[in-house]
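Source: prediction; values computed, not measured.
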Amino acid sequence: MKIAPSILSADYVNLQKDIEIVDKAGAEYLHIDVMDGQFVPAISYGPGWLKAIRPITNMTLDVHLMVQNPERFVEQFAENGADIIGVHVESTPHIHRALQLIKNAGAKAEVVINPGTPVEAIKPLLYMVDQVLVMTVNPGFGGQKFLPEALKKIKQLDQLKQTEGYDFDIEVDGGVKNNTIVDCQKAGATVAVAGSYVFDGVDPAAKVKALKDATK
């Protein structure tokens, strides 16, 4: 299981320090939540943040676009160093185009589904994605409680991988802790985003280790 600390819960004033801590602790991904105040209520990082982060880490930069009509921003985030770009199926009427733009820009393409969206909504897209993100909370805010009903979606996606021969990663985001991550892994998840659990102001490195130990 790959661990993806979310900087949404990190110390913004000492962001480089927090990034370096989780990098040294063995986290494979760095999850960057981009929010526009429209698709979700909150506002967060823009492309400039990504450009500043790219030189300070070799971790995979996993950019999660929680924005309306994300195809407007794909190329800029790719140019600024995104390795993976995720777009919500609910955020655009042109989801296929958005995923194509990501691939054409040289990044890996991820499709994201909210808790209220069934797996059936993205079945026609699975052949073209490198990763599927299952939201295990409602998007927009950190610190929410894990929604166990999301485990059924993870299992369904894992079954589709086996029956159809797909090789996309299954990522989970929301309420991930050292106990919920085990259930996600058993269901078929391969990447776990953790924000408030890791960056709780105590010991981010220890939290990364706890997540990795729980999924050995």
Side-chain angles (χ1 to χ4, degrees), residues 1-36 40 42-67 73-74 76-86 102 105-108 110 112 130-131 133 135-137 139-144 146 169-182 184-185 189-216:
M1 175 78 85
K2 300 183 184 79
I3 306 301
S6 170
I7 60 171
L8 189 63
S9 299
D11 181 352
Y12 290 7
V13 177
N14 298 292
L15 186 57
Q16 181 171 351
K17 179 183 176 182
D18 275 358
I19 290 172
E20 290 172 348
I21 288 172
V22 296
D23 194 345
K24 290 178 182 177
E28 292 89 354
Y29 288 9
L30 191 67
H31 193 77
I32 301 167
D33 290 305
V34 178
M35 302 185 286
D36 65 353
V40 292
I43 297 174
S44 69
Y45 316 99
W49 282 82
L50 186 67
K51 188 175 183 179
I53 290 169
R54 179 71 283 176
I56 65 175
T57 180
N58 290 321
M59 282 186 288
T60 297
L61 296 186
D62 180 22
V63 176
H64 177 190
L65 297 182
M66 288 181 273
V67 303
F73 307 107
V74 163
Q76 193 172 3
F77 276 99
E79 289 172 359
N80 285 3
D83 296 300
I84 302 169
I85 299 177
I102 295 169
K108 291 185 177 181
E110 173 187 69
V112 189
D130 301 287
Q131 189 162 279
L133 172 53
M135 292 301 301
T136 46
V137 298
F141 299 98
Q144 298 182 62
F146 181 85
D169 275 309
I170 302 173
E171 185 175 51
V172 291
D173 183 2
V176 172
K177 301 180 179 181
N178 60 333
N179 54 348
T180 55
I181 196 173
V182 175
C184 292
Q185 184 184 44
T190 55
V191 184
V193 177
S196 56
Y197 175 77
V198 170
F199 294 116
D200 61 356
V202 180
D203 191 345
K207 291 301 182 65
V208 170
K209 184 178 184 301
L211 292 172
K212 294 188 81 65
D213 286 347
T215 55
K216 282 183 176 177

Can you check whether [Y]'s main-chain N or O pairs, donor with acceptor, with [X]'s side chain at less than 3.5 Å?
X	Y	value
E110	Q131	no
N14	K17	no
T136	G174	yes
T215	L211	yes
T180	G175	yes
S44	M35	yes

Looking at [X] and [Y], what are the two nearest heavy atoms and their distance?
X	Y	value
I85	V74	CD1-O, 3.7 Å
A214	N178	CB-O, 3.5 Å
K51	P55	O-CD, 3.2 Å
P5	V208	CG-CG2, 4.3 Å
P204	V202	CD-C, 4.1 Å
L133	V172	CD1-C, 3.8 Å

**Q.** Identified side-chain contact (heavy atoms from CB on, under 4.5 Å) partner of Y29 from the options V22, I3, V191
**A.** V191
Is the shortest side-chain heavy-atom distance between [X] and [Y] below 4.5 Å?
X	Y	value
V193	E171	yes
F199	D11	no
L8	Y12	yes
D18	Q16	no

Q.
Set out, in order, the CA-CA distance, both residues' side-chain angles and the distance that settles side chain to side chain contact (heavy atoms under 4.5 Å, CB included) for W49 and V34, then state yes or no.
A. CA-CA 10 Å; W49 282 82; V34 178; over 6 Å; no
Q. More than 12 foreign heavy atoms under 6.0 Å from CG of N58: is that the case here?
A. no
Q) Is it true that K212 and E28 make a salt bridge, defined as a side-chain N closer than 4.0 Å to a carboxylate O? A) yes
Q. Would you call K207-D200 a salt bridge at under 4.0 Å N-O?
A. yes
Q) Do T190 and D169 have a side chain donor and acceptor closer than 3.5 Å? A) yes
Say you draw a straight line from [atom1] of [X] to [atom2] of [Y]; how long is it, rounded to the nearest 0.5 Å?
X	Y	atom1	atom2	value
D203	K209	CG	NZ	11.0 Å
L15	I19	CG	CD1	4.0 Å
S196	K177	OG	NZ	6.5 Å

Q) What's the verdict on side chain to side chain contact (heavy atoms under 4.5 Å, CB included) for M1 and I181, showing C-alpha distance, side-chain angles and the deciding distance? A) CA-CA 9 Å; M1 175 78 85; I181 196 173; 4.0 Å; yes
Q) Of the options D173, D33, D62, which is the one that meets S6 in a side chain to side chain donor-acceptor pair (under 3.5 Å)? A) D33
Q. Passes side chain to side chain contact (heavy atoms under 4.5 Å, CB included), L61 versus I32? Steps please.
A. CA-CA 7 Å; L61 296 186; I32 301 167; 4.2 Å; yes
Q. After noting the C-alpha distance and the side-chain angles of D83 and R54, does the key distance pass the salt bridge (charged side-chain N to carboxylate O under 4.0 Å, His left out) rule?
A. CA-CA 10 Å; D83 296 300; R54 179 71 283 176; 2.9 Å; yes
Q. Is the F77-Y45 ring centre distance short of 6.0 angstrom?
A. no
Q | side chain to side chain contact (heavy atoms under 4.5 Å, CB included) assessment of T60 paired with L30 | A | CA-CA 6 Å; T60 297; L30 191 67; over 6 Å; no
